[in-house]
Amino acid sequence: MVPWKEKLRALRSGIGTKNLCLLLLAAGLLLLSFAGNGGREQKEEVKNTREEVPKEVEVSVTKELEERLEELLLQIKGVGEAKVMITLSDQGEKIVLKDQNTSTQSLSEVDGAGGSRVSTTSEKEEETIYENDKTPFVTKEYTAQVAGVLIVCEGGANHDIVMDIVSATEALFGVPAHRIVVLEMK
């Protein structure tokens, strides 16, 4: 017979089956508490979180896009003078770097009657990382998405010119054709 089986039989006969089961249960819970970060453990992570872009930035981005498109349209034959209005579906967002501290504490108890209880407490703390005390450290930036474009130009009555303007605007902003309107200037 295997030696460890003999030792287990001797132990079982010495302390009894019920007490042996309780002892094994307590040892298992103890091992689980160590494996599941039983003691207090500090963990530091760096996490990215999203922050919205301020409204002033959205206005300046829109204005710049409108001016650049107007300049390009002036270069297209037959378009003439053009005025552009661009609307955005969102403001864009910046992903800022955050320092995240997490702590977990676990307590395992076994009473004499065979009952057991496990209590777990966890805390989480986040702090934004700044570049120079005022500016958050940005890891990624998503630009605002264009929702629609209105173009009023002198060549807006010519169907071929309108199609050229629509296809150019689609290519520049990734906006579908049904969200681009080209009208004739008075």
Side-chain angles (χ1 to χ4, degrees), residues 35-106 119-186:
N37 297 330
R40 187 166 185 100
E41 178 183 310
Q42 289 287 350
K43 187 191 291 184
E44 283 193 32
E45 284 182 23
V46 176
K47 182 182 177 189
N48 293 328
T49 57
R50 299 172 187 248
E51 288 187 5
E52 287 192 7
V53 177
K55 189 75 171 171
E56 303 84 42
V57 174
E58 176 188 357
V59 171
S60 68
V61 166
T62 305
K63 196 98 164 129
E64 182 183 338
L65 290 174
E66 290 171 351
E67 289 171 359
R68 289 177 68 190
L69 184 56
E70 285 175 7
E71 288 174 20
L72 283 172
L73 291 173
L74 281 172
Q75 305 303 314
I76 298 174
K77 183 178 179 182
V79 174
E81 184 184 343
K83 294 290 180 188
V84 176
M85 180 177 174
I86 296 175
T87 58
L88 302 176
S89 62
D90 60 18
Q91 297 177 3
E93 59 187 357
K94 293 181 178 182
I95 309 295
V96 297
L97 200 61
K98 294 240 180 195
D99 187 19
Q100 183 181 40
N101 293 321
T102 306
S103 63
T104 304
Q105 185 174 8
S106 182
S119 299
T120 304
T121 307
S122 62
E123 294 177 9
K124 185 176 179 181
E125 213 175 283
E126 288 185 351
E127 185 178 339
T128 303
I129 297 175
Y130 293 93
E131 286 185 67
N132 36 350
D133 294 333
K134 291 185 179 181
T135 310
F137 186 81
V138 177
T139 58
K140 210 179 257 188
E141 186 172 348
Y142 295 103
T143 59
Q145 297 296 312
V146 175
V149 180
L150 172 64
I151 300 169
V152 180
C153 63
E154 292 175 348
N158 185 328
H159 181 61
D160 292 335
I161 293 173
V162 169
M163 294 308 295
D164 289 343
I165 292 171
V166 169
S167 64
T169 307
E170 277 182 296
L172 286 172
F173 300 113
V175 179
H178 71 276
R179 293 186 177 261
I180 302 168
V181 177
V182 180
L183 301 173
E184 183 180 13
M185 187 178 277
K186 64 177 183 175

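Considering CG of Leu183 and SG of Cys153, their distance stands at 8.5 Å, rounded to 0.5 Å. The line from CG of Leu97 to CD of Glu131 is 10.0 Å long, rounded to the nearest 0.5 Å. Taken to the nearest 0.5 Å, the CD1 atom of Ile165 stands 11.5 Å off from the CG atom of Leu72. Here Glu126 contributes atom CD and Thr102 contributes atom OG1; the two are 8.5 Å apart, rounded to the nearest 0.5 Å. Remark: Gln100 CD to Glu127 CD distance equals 12.0 Å, nearest 0.5 Å. For the atom pair Ile180 CD1 and Thr169 OG1, the distance stands at 5.0 Å (nearest 0.5 Å).
Here the side chain of Thr135 pairs no donor or acceptor atom with the backbone of Asn132 at under 3.5 angstrom. For Ser89 (side chain) and Val146 (main-chain N/O), no donor-acceptor pair under 3.5 Å exists by modelled atom type. The closest donor-acceptor contact from the side chain of Thr87 to the backbone of Gly148 lies under 3.5 Å. With hydrogens and angles disregarded, a donor-acceptor distance shorter than 3.5 Å links the side chain of Glu170 to the backbone of Ala177. A donor-acceptor distance shorter than 3.5 angstrom exists from the side chain of Glu66 to the backbone of Ile86, with no hydrogens or angles considered. Ser106 places no side-chain N or O within donor-acceptor distance of the main-chain N or O of Thr120, the cut-off being under 3.5 Å. Judged by distance alone, the side chain of Glu70 and the main-chain N or O of Val84 form a donor-acceptor pair under 3.5 Å.
The two residues Thr104 and Ser122 have their closest heavy-atom pair at OG1-CB, 3.9 Å. Residues Gly155 and Val162 share a closest heavy-atom pair of O-CG2, 4.5 Å.
For Glu125, the CD atom sits in a loose shell: 12 or fewer heavy atoms of surrounding residues, nucleotides or ligands are nearer than 6.0 Å.
At least one side-chain heavy atom of Leu69 sits under 4.5 Å from a side-chain heavy atom of Leu172. Considering only heavy atoms from C-beta on, Gln75 stays 4.5 Å or farther from Glu71 through its side chain. Here the side chains of Ile151 and Leu73 are in contact, with some heavy-atom distance below 4.5 Å. Side-chain contact between Asp90 and Tyr142 is absent, with no heavy atoms from C-beta onward closer than 4.5 Å. The side-chain heavy atoms of Val79 and Ile161, taken from C-beta on, include a pair separated by under 4.5 Å. The side-chain heavy atoms of Val166 and Val182, taken from C-beta on, include a pair separated by under 4.5 Å.
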I would like to know whether Met185 and Lys83 meet side chain to side chain contact (heavy atoms under 4.5 Å, CB included); could you show each step before the answer? CA-CA 9 Å; Met185 187 178 277; Lys83 294 290 180 188; 4.0 Å; yes

Show, in sequence, the C-alpha distance, side-chain angles and deciding distance for Thr62 and Leu88, and conclude whether the side chain to side chain contact (heavy atoms under 4.5 Å, CB included) test is met. CA-CA 8 Å; Thr62 305; Leu88 302 176; 3.2 Å; yes

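A side-chain donor from one of Thr128 and Lys98 sits under 3.5 Å from a side-chain acceptor of the other.
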